[in-house]
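A quick write-up on the structure given underneath.
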Amino acid sequence: MPIDLKNLTQRQLSEFFASVGLPASRVRHVFELVHRPGAREFAGMSTIKKEIRRVLAEHACISRLEPAKVQRSIDGTVKFAFRLDDGAVIESVLIPAKGRHTLCVSSQAGCAMGCRFCLTAGMGFHRNLTPAEIVNQVVAAQEHMIGAGVVRATTRQLVDNLVFMGMGEPLANYDNLIAALTILMDQRGQGFSERRITVSTCGLPSRIRDLARDIRVNLAVSLHSVDDATRSTLMPVNRTHGVEDVLAACREYATATKQVVFIEYALIADFNDAASDAHRLAERLRDLPCRINLLAYNEVPNLPYRCSPETSIRVFKAILAKAGFRTLVRTSRGADVSAACGQLAAMESV
Ligand code: SF4
């Protein structure tokens, strides 16, 4: 079985080179070529010696993802569906804003976390994505942009930011996530800086601590309520890892990394959007260096939750701002093609 080089960090590629008798001096160059958009086979890599290409073709391959379906929203958001080798379908969402592009990346096929407001949860859990399947979502988006005539000085500048907020709980696929991040942040790979990557979690405390130790990226935590009973209704994971466990891990993360934590809070009408909820949230976050992202809940057919009215969102934000929190109301994008937060659920007819 050939080794998929897209799965390997530069260090792992060095080990592979050693195992097949290739010179260590060519590792960096091959790594760079493999991660360029459009990379498919070794034969076309004219800057590598013929003998090296022959050995690579004998022992290795370069995987890629091609969208099985692409949907474009009226606001310019583009949703990609990819069918994986085993038939599982995953989605990524490319969000343009003010001349920049953010890619929302999936980390698992389906999800086991069961959040009640999320369509992905309804798919159940199929499997973890490999590092290559995570990295290839980024490359596929870059290839789509090149095909659409988007011009940047370098291919690295095509996608500006990555957010791991697509299908799946990234921290539940921890080892593959770290490998993918290592590849994406490698200057010879995709070269994303730590400021341009955000990993979003529903709140797995031990993995939040691991992340602080293993790699530097932005951390976003979906909180949605600081009341355990309310949060457990919405997010079953809260029955195992309650609000205080999650916030304690966030405080440790902020101390260890000297970074703020992004708190995500989807406002649901008559559920978690009262002024008293905002006051409680401010009280519980008092000792956490954080920024708060409020999001008007994206309604999903057949789910009972409704989006908060604008007035409630304004009042909620004002209370947090008055308490000294930097608070942003995030605009929902791509809802007309079910590409908004919580709406990814593997397009039908892919
Ligand atoms: S919100 Fe995220 S963690 Fe929760 S079920 Fe959906 S994909 Fe999984």
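Fair warning: this is a prediction, and the values are worked out from it, not measured in the lab.
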Note to self: Please give me the minimum heavy-atom distance between Ile183 and Lys6, naming the atom from each residue.
What the structure shows: CD1-O, 3.6 Å
Notebook entry, point to check: Between Ser106 and Glu91, is there a donor-acceptor pair closer than 3.5 Å when you use the side chain of the first and the backbone of the second?
Noted result: yes
Check: Should Glu283 and Arg280 be marked as a salt bridge (charged side-chain N to carboxylate O under 4.0 Å, His left out) after you check the CA-CA gap, both sets of side-chain angles, and the distance that decides it?
Finding: CA-CA 5 Å; Glu283 176 58 26; Arg280 266 202 300 270; over 6 Å; no
Notebook entry, point to check: Less than 4.5 Å apart, any side-chain heavy atom of Leu103 and any of Ser92?
Noted result: yes
Check: How far apart are the C-alpha atoms of Glu169 and Arg207, what are their side-chain angles, what is the distance that settles it, and do they pass the salt bridge (charged side-chain N to carboxylate O under 4.0 Å, His left out) test?
Finding: CA-CA 11 Å; Glu169 163 53 54; Arg207 286 310 195 186; over 6 Å; no
Checklist line | Test log, rule side-chain contact (heavy atoms from CB on, under 4.5 Å), inputs Leu234 and Phe117 | finding: CA-CA 7 Å; Leu234 214 53; Phe117 53 84; 3.5 Å; yes
Next item on the list: Show your reasoning for whether side-chain contact (heavy atoms from CB on, under 4.5 Å) applies to Lys69 and Lys79.
Entry: CA-CA 8 Å; Lys69 192 168 179 178; Lys79 181 163 84 164; over 6 Å; no
Checklist line | Any donor-acceptor N/O pair, Thr120 side chain to Cys118 backbone, under 3.5 Å | finding: no
Item checked: Cluster link Phe262 to Met165, ILVMFWY, side chain under 4.5 Å -> no
Margin query: Does this structure show an ion pair linking Asp228 with Arg231, if we count only N-O contacts that are shorter than 4.0 Å?
Written below: no
Next item on the list: List the steps, then state whether side-chain contact (heavy atoms from CB on, under 4.5 Å) holds for Leu56 with Leu22.
Entry: CA-CA 9 Å; Leu56 287 174; Leu22 289 176; 3.7 Å; yes
Notebook entry, point to check: Do side-chain atoms of Glu264 reach the backbone of Ala220 as a donor and acceptor pair under 3.5 angstrom?
Noted result: no
Margin query: Would you compute the distance between atom OG1 of Thr182 and atom CZ of Arg11 and round it to the nearest 0.5 angstrom?
Written below: 9.0 Å
Next item on the list: Would you indicate whether the side-chain heavy atoms of Arg284 and Ile263 approach each other to under 4.5 Å?
Entry: no
Notebook entry, point to check: Taking side chain as C-beta onward, heavy atoms only, is Leu129 less than 4.5 Å from Leu84?
Noted result: yes
Next item on the list: First locate atom CZ of Arg326, then atom CZ of Arg291, and finally report the distance between them rounded to the nearest 0.5 Å.
Entry: 3.5 Å
Checklist line | Least distance between heavy atoms, Leu211 atom then Arg216 atom | finding: O-NH1, 4.4 Å
Next item on the list: State the OG-CG distance between Ser308 and Leu294, to the nearest 0.5 angstrom.
Entry: 9.5 Å
Notebook entry, point to check: Can you hop from Val237 to Val243 via hydrophobic side chains spaced under 4.5 Å?
Noted result: yes
Note to self: Same cluster or not: Leu328 versus Val315, using hydrophobic residues (I, L, V, M, F, W, Y) connected whenever any side-chain heavy atoms lie under 4.5 Å apart?
What the structure shows: no
Checklist line | Nearest atoms (heavy-atom pairs only) where Ala172 meets Met113 | finding: CB-CE, 4.0 Å
Margin query: Could you check whether any side-chain N or O of Arg72 sits under 3.5 Å from a backbone N or O of Val78, counting only pairs where one atom can act as donor and the other as acceptor?
Written below: no
Margin query: Has Thr230 got a side-chain atom pairing as donor or acceptor with Val226's backbone, closer than 3.5 angstrom?
Written below: no
Check: For Ala109, does its backbone N or O pair with a side-chain atom of Arg127 as donor and acceptor, under 3.5 Å?
Finding: no
Check: Do Thr233 and Arg116 have side chains that get closer than 4.5 Å, going by heavy atoms?
Finding: no
Item checked: Gap between atom CE of Met185 and atom CD1 of Ile215 - 0.5 Å precision -> 5.0 Å
Check: Can you name the closest pair of heavy atoms from Leu288 and Ala254 and give their distance?
Finding: CD1-CB, 4.4 Å
Note to self: I'd like to know if the side chain of His224 reaches the main chain of Ala266, judged simply by a donor and an acceptor atom lying under 3.5 Å from each other, with no hydrogens or angles considered.
What the structure shows: yes
Next item on the list: Test Val159 against every option in Gln137, Gln142, Arg196 by the side-chain contact (heavy atoms from CB on, under 4.5 Å) rule and name the one that passes.
Entry: Gln142
Notebook entry, point to check: Is there side-chain contact between Leu5 and Leu8, with at least one heavy-atom pair below 4.5 Å?
Noted result: yes
Margin query: When you group the ILVMFWY residues by side-chain heavy-atom contacts below 4.5 Å and let the links chain together, are Val34 and Ile3 in the same group?
Written below: yes
Note to self: Test your reading of the model: is there a side-chain donor-acceptor pair from Tyr265 to the backbone of Asn272, 3.5 Å cut-off?
What the structure shows: yes
Next item on the list: Compare all side-chain heavy atoms of Leu285 with those of Leu320 and state whether any distance is below 4.5 angstrom.
Entry: no
Margin query: A side-chain contact here means heavy atoms from C-beta on lying under 4.5 Å apart; do Asn173 and Ile134 qualify?
Written below: yes
Note to self: If hydrophobic clusters are built by linking Ile, Leu, Val, Met, Phe, Trp and Tyr wherever their side-chain heavy atoms come under 4.5 Å apart, do Ile178 and Leu219 end up in the same one?
What the structure shows: yes
Next item on the list: Measure the CG-SG distance between Leu223 and Cys250 for me, rounded to the nearest 0.5 Å.
Entry: 7.5 Å
Check: Between CD1 of Ile268 and CG of Asn298, what distance do you get to the nearest 0.5 Å?
Finding: 10.5 Å
Note to self: Are more than 12 heavy atoms, taken from residues, nucleotides or ligands other than Arg28, located less than 6.0 Å from that residue's CZ atom?
What the structure shows: no
Margin query: What I'd like to find out is whether the side chain of Ile146 reaches to under 4.5 Å of the side chain of Thr155, using heavy atoms alone.
Written below: yes
Notebook entry, point to check: Can you check whether Phe271 and Tyr297 have ring centres sitting under 6.0 Å from each other?
Noted result: no
Notebook entry, point to check: Counting heavy atoms not belonging to Arg286, are there more than 12 under 6.0 Å from its CZ?
Noted result: no
Check: Is the backbone of Met45 close enough, under 3.5 Å, to the side chain of Arg53 for a donor and an acceptor to pair up by distance?
Finding: yes
Checklist line | Aromatic plane relationship, Phe16 with His59 - under 30° parallel, 30 to 60° tilted, over 60° perpendicular | finding: perpendicular
Check: Can you name the closest pair of heavy atoms from Ala296 and Ile313 and give their distance?
Finding: CB-CD1, 3.7 Å
Next item on the list: Check Tyr174 against Asp214 and note the closest heavy-atom contact, atom names and distance.
Entry: OH-OD2, 2.6 Å
Notebook entry, point to check: Given the rule in the side-chain contact (heavy atoms from CB on, under 4.5 Å) test, do Leu281 and Phe316 qualify, once you have shown the distances and angles that lead to the verdict?
Noted result: CA-CA 10 Å; Leu281 179 63; Phe316 205 95; 4.0 Å; yes
Next item on the list: Taking atom types as modelled, find out whether Asn136 and Ser63 have a side-chain donor-acceptor pair closer than 3.5 angstrom.
Entry: yes
Checklist line | Qualifying residue, where the test is side-chain contact (heavy atoms from CB on, under 4.5 Å) with His35 and the options are Val135, Leu184, Val139 | finding: Val135
Item checked: Side chain Asn218, main chain Arg195, donor-acceptor under 3.5 Å -> yes
Next item on the list: State whether Arg64 and Glu41 are salt-bridged, where the test is any N-O pair (Lys NZ or Arg NE/NH1/NH2 against Asp/Glu carboxylate O) under 4.0 Å.
Entry: no
Next item on the list: Measure up the Phe82 and Phe80 rings against each other and bin them: parallel (under 30°), tilted (30 to 60°), perpendicular (over 60°).
Entry: parallel
Checklist line | Charged N-O contact under 4.0 Å between Arg54 and Glu51 | finding: yes
Checklist line | Step-by-step side-chain hydrogen bond (donor to acceptor under 3.5 Å, both in side chains) determination, Asp75 to Thr77 | finding: CA-CA 6 Å; Asp75 66 17; Thr77 298; 2.7 Å; yes
Notebook entry, point to check: Are more than 12 heavy atoms from other residues, nucleotides or ligands located less than 6.0 Å from atom CG of Asp85?
Noted result: no
